[in-house]
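Here is the structure we will look at.
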Amino acid sequence: VHGASLNDWYERGKRGERNSRWVEGACTNCGATTHTTKMCCERPRKRQAKFTNSDIAANEIVKDINFSYEGKRDRWNGYDPSSYKKVIEHANRVEEARKKRKLEELRTSKTGGSDSDSDSDDDKDEDDEGLKDGGEVMQNLDTENRMTVRNLRIREDTAKYLYNLNPNSAYYDPK
């Protein structure tokens, strides 16, 4: 009465045999005999398989695996590490596309392309006018990887909520 081995796991994405017509006790929605209508994961059909006897879904493969106490609670049981390679490849493709687009934007801005600047001055508040040098921190001074960090205040600066502490002021918040 030992638990299942490490390599035992449910068949993912595989289907069993398909019935030619609807049988008693099968799912009325899709026609599979391995589950009932309440447990059916398929979208409810306008005309159910019970009445049409067409497009009967294949049965799921049901394995009875007796896991041990630890096996039932093992989060990584059945995990296929080779499937993670697809995730890494997709992330690398997205990163390469982002770098190409950024490089292309830099080339067009250097050659005097359009004047559309992503950091437009229209969205600045009046309070930011005094923070020309103090509010922006430049990182990586080369033009290809320039990033600005805004809305950072120096630790010694007074916080905005401490500017006006007059209790008769309209903006006074005692909390």
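Residues: numbered from 1 along the sequence shown. The figures here come from the full heavy-atom set of this structure, side chains too, leaving out hydrogens, waters and symmetry mates.
As a member of the Ile/Leu/Val/Met/Phe/Trp/Tyr network built from side-chain separations under 4.5 Å, Tyr84 groups with Trp76, Tyr79, Val87, Ile88.
In this structure, Arg47 places its CZ atom where only 12 or fewer heavy-atom neighbours from other residues, nucleotides or ligands lie under 6.0 Å away. Surrounding CZ of Arg15 are more than 12 heavy atoms belonging to other residues, nucleotides or ligands, all under 6.0 Å away.
Partners of Asn19 under the side chain to side chain contact (heavy atoms under 4.5 Å, CB included) rule, at least two apart in sequence or in another chain, are Val23, Thr33, Ile56, Asn59. Applying the salt bridge (charged side-chain N to carboxylate O under 4.0 Å, His left out) criterion to Glu70, with sequence neighbours excluded, gives no partner residue.
Salt bridge annotation for Glu95-Arg98: present, with a cationic side-chain nitrogen under 4.0 angstrom from a carboxylate oxygen.
Taking OG of Ser68 as the reference point, atom CZ of Arg73 lies at 9.0 Å (rounded to 0.5 Å). Remark: Thr34 OG1 to Glu17 CD distance equals 10.5 Å, nearest 0.5 Å. Interatomic distance, SG of Cys41 versus CD of Glu60, reported as 7.5 Å (0.5 Å rounding). Put simply, SG on Cys27 and NZ on Lys38 are 12.5 Å apart, with the number rounded to the nearest 0.5 Å.
The nearest pair of heavy atoms linking Arg45 to Ser54 is NH1-O, 3.9 Å. The two residues Ala57 and Arg18 make their nearest non-hydrogen contact at CA-NH1, 4.2 Å. Nearest heavy atoms, His35 versus Cys30: NE2-SG, 3.4 Å. When all heavy atoms of Gly16 and Ala58 are compared, the closest pair comes out as O-CB, 3.8 Å. Across Ala49 and Gly31, no two heavy atoms sit closer than the pair CB-N, 3.8 Å.
Counting only heavy atoms from C-beta outward, the side chains of Glu89 and Arg93 approach each other to under 4.5 Å.
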Under the side-chain contact (heavy atoms from CB on, under 4.5 Å) rule, what do Lys100 and Glu104 come out as? Steps first, then yes or no, please.
CA-CA 6 Å; Lys100 284 181 183 177; Glu104 195 64 36; over 6 Å; no
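Judged by distance alone, with hydrogens and angles left aside, the side-chain atoms of Trp22 form no donor-acceptor pair with the main-chain N or O of Asn29 at under 3.5 Å. Judged by distance alone, the side chain of Thr37 and the main-chain N or O of Thr28 form a donor-acceptor pair under 3.5 Å.
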